[in-house]
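Fair warning: this is a prediction, and the values are worked out from it, not measured in the lab. As a basis for the values below, the full set of heavy atoms in this structure was taken, side chains included, without hydrogen atoms, waters or symmetry mates. Order of listing sets the numbers, starting from 1, for every ligand and every atom in it.
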Amino acid sequence: MKKILVTGGCGYIGSHTIVDLLQNGFEVISADNNSRSTPAILEGVERITGKKVKNYFIDLCNLEDTRRLFIDNPDISGIIHFAAFKSVGESVEKPLMYFENNLGSLFNLLKCCTEFSVDTFVFSSSCTVYGNPDQSPVTEETPIKMAESPYGYTKQMSEEIIQQTVKATNIQAILLRYFNPVGAHPSNQIGEVPIGRPANLVPAITQTAIGKLSQMQVYGNDYPTRDGSCMRDYIHVSDIAHAHTLALNYLIEKNNKTNCEIFNLGTGNGYTVLEVIKTFEKISEHPLNYVIGGRRNGDVVAIYANNEKSQQLLGWKPQYTLEDMMQTAWNWELKLKEEQNK
Ligand code: WQD
């Protein structure tokens, strides 16, 4: 059984990916300093899979602590690297904190890959690297544009650092560019736990619907789209998770043609903010209290994926519809409220 190190394993996408890895025959350990997450999420992973996952409570920016993990686990055969700060807004306020954390942790992991001969590396990237594309759908060959935020810039720099590093080492890497991950595991045992007021659309919708937020804003309805609101490619977090398992197997089976391959993870469908809200209202039978506000700085007008490469080479096929995404997100919000009231 191959052992995989998942960094950021207590996070939203990390925890969902651990579930998928365990259900597909991998052994998993996590490294997460819980600066933006809670170890309790691994209890949810255990409820789903029946398996305990050990989390190493370390800061990956500390090289000695990171090396110690590899010394204690000489049988790590692959890494999936999620651990990073990911708030666009916060990155604008604290760029140096983002550069130090997101790049420092990557440097240390790549150094350990070399020192401990771990040559399978899957990196959590983002469609944010495309900036504001001239058109959609975007393919993996769509030119990268200047990032709209320091967060996006750390993803672009991280991709470049990995692409340069694999040329000088035995590391075989895959960069997975997520579009907009939303929803929760269908078991409702794990889901997204935003810290503070949610910046992202779907948690803002569900928190407004459940009353945590009194009202939400639609950031602009004067864009050149079907209904004037921005368009995105929303993708269920469990579909994203399964792509990581497929990416690992792709590398383990040496199906990769080059040392660093890039894959888009989106459904290939674009939905506007207002269409997402309407879908939520339909599944939850809950009219949403929102107003149309001004545009949000840095927002991309429209972006959605061409996901043919992921389908053809990884054998990946998104299973969840937009209704499923809204239903599972709503179920999770209801569960969080239930637990809060206990
Ligand atoms: C989606 C749309 C908003 C909240 C970011 C990162 C990306 C990834 C996902 C980390 C936009 C609108 C939102 C609200 C709204 N993060 N919106 N009212 O900006 O596409 O992507 O988060 O990996 O890398 O860039 O996602 O969910 O913030 O916004 O109208 O209260 O919803 O304007 O058009 P985004 P989002």
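- Of all atoms in ligand 1, numbered sequentially from 1 with element shown, those under 4.0 Å from a heavy atom of Val218 are 30 (O).
- Between Lys155 and Glu160, no side-chain nitrogen of the basic residue sits less than 4.0 Å from a carboxylate oxygen of the acidic one, so the salt-bridge criterion is not met.
- Under the 4.0 Å criterion applied to side-chain N and carboxylate O atoms, Asp299 and Arg295 are not assigned as salt-bridge partners.
- For atom 8 (C) of ligand 1, no protein non-hydrogen atom is found at a distance below 4.0 Å.
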Practice problem: Verify side-chain hydrogen bond (donor to acceptor under 3.5 Å, both in side chains) between Thr328 and His236, making sure each step is shown before the conclusion. | Solution: CA-CA 9 Å; Thr328 55; His236 196 282; 3.1 Å; yes

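- Considering backbone and side-chain atoms together, Leu201 places an N or O closer than 3.5 Å to an N or O of ligand 1.
- The protein heavy atom nearest to atom 19 (O) of ligand 1 is Arg296 NH2, 2.9 Å.
- For atom 33 (O) of ligand 1, the closest non-hydrogen atom of the protein is Asp299 OD2, 2.5 Å.
- For atom 18 (N) of ligand 1, the nearest protein heavy atom (residue, atom name, distance) is Gln217 O, 2.7 Å.
- Between Asn180 and ligand 1, a contact under 3.5 Å exists for at least one N or O pair.
- Listed by first and then second residue, the side-chain hydrogen bond (donor to acceptor under 3.5 Å, both in side chains) pairs involving residues 277-289 are Gln215-Asn289 (not counting sequence neighbours).
- Of all atoms in ligand 1, listed by their number and element, those nearer than 4.0 Å to a heavy atom of Thr128 are 24 (O), 25 (O).
- Between Lys309 and Glu140 there is no salt bridge, since none of the side-chain N atoms of the basic residue sits less than 4.0 Å from a carboxylate O of the acidic one.
- Note on ring orientation: taking the six-membered ring where Trp is involved, the planes of His16 and Tyr12 are perpendicular (angle over 60°, cut-offs 30° and 60°).
- Aromatic ring orientation, Phe263 versus Tyr250: perpendicular (interplanar angle above 60°, classes split at 30° and 60°).
- Under the 4.0 angstrom criterion for non-hydrogen atoms, Tyr151 is in contact with ligand 1.
- Residue contact check: Ser126 has heavy atoms under 4.0 Å from atoms 7 (C), 24 (O) of ligand 1.
- With a heavy-atom cut-off of 4.0 Å, Asn200 touches ligand 1 through backbone and side chain alike.
- Here Lys155 has no heavy atoms under 4.0 Å from ligand 1, in either its backbone or its side chain.
- In Ala199, the part holding a heavy atom less than 4.0 Å from any atom of ligand 1 is the backbone.
- Under a 4.0 Å criterion applied to the non-hydrogen atoms of Val273, ligand 1 contributes the atoms 2 (C), 12 (C), 30 (O), 32 (O), 34 (O).
- Distances below 4.0 Å separate heavy atoms of Cys230 from the following atoms of ligand 1: 34 (O).
- Shown in contact with Ala204 at under 4.0 Å from a heavy atom are these atoms of ligand 1, numbered in order with element: 31 (O).
- Between Glu27 and Lys51 there is no salt bridge, since no side-chain N of the basic residue sits under 4.0 Å from a carboxylate O of the acidic one.
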Quiz item: Would Asn62 and Glu64 count as a side-chain hydrogen bond (donor to acceptor under 3.5 Å, both in side chains) if you check the C-alpha gap in whole Å, the side-chain angles of each, and the deciding distance to 0.1 Å?
Solution: CA-CA 6 Å; Asn62 180 310; Glu64 280 321 301; over 6 Å; no

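- In summary, the atoms of ligand 1 found under 4.0 Å from a heavy atom of Tyr234, numbered by their order in the structure, are 1 (C), 2 (C).
- The closest protein non-hydrogen atom to atom 20 (O) of ligand 1 is Arg232 NE, 2.6 Å.
- The neighbour count for Asn170 CG, taken as heavy atoms of other residues, nucleotides or ligands under 6.0 Å away, does not exceed 12.
- Within ligand 1, the atoms closer than 4.0 Å to a non-hydrogen atom of Val88 are 6 (C), 25 (O), numbered from 1 in the order shown.
- Between Ile76 and Ile29, the closest side-chain pair of non-hydrogen atoms falls below 4.5 Å.
- For atom 14 (C) of ligand 1, the closest non-hydrogen atom of the protein is Tyr219 CE1, 3.4 Å.
- Salt-bridge annotation for Asp239 and Lys317: absent, with no side-chain N of the basic residue lying under 4.0 Å from a carboxylate O of the acidic one.
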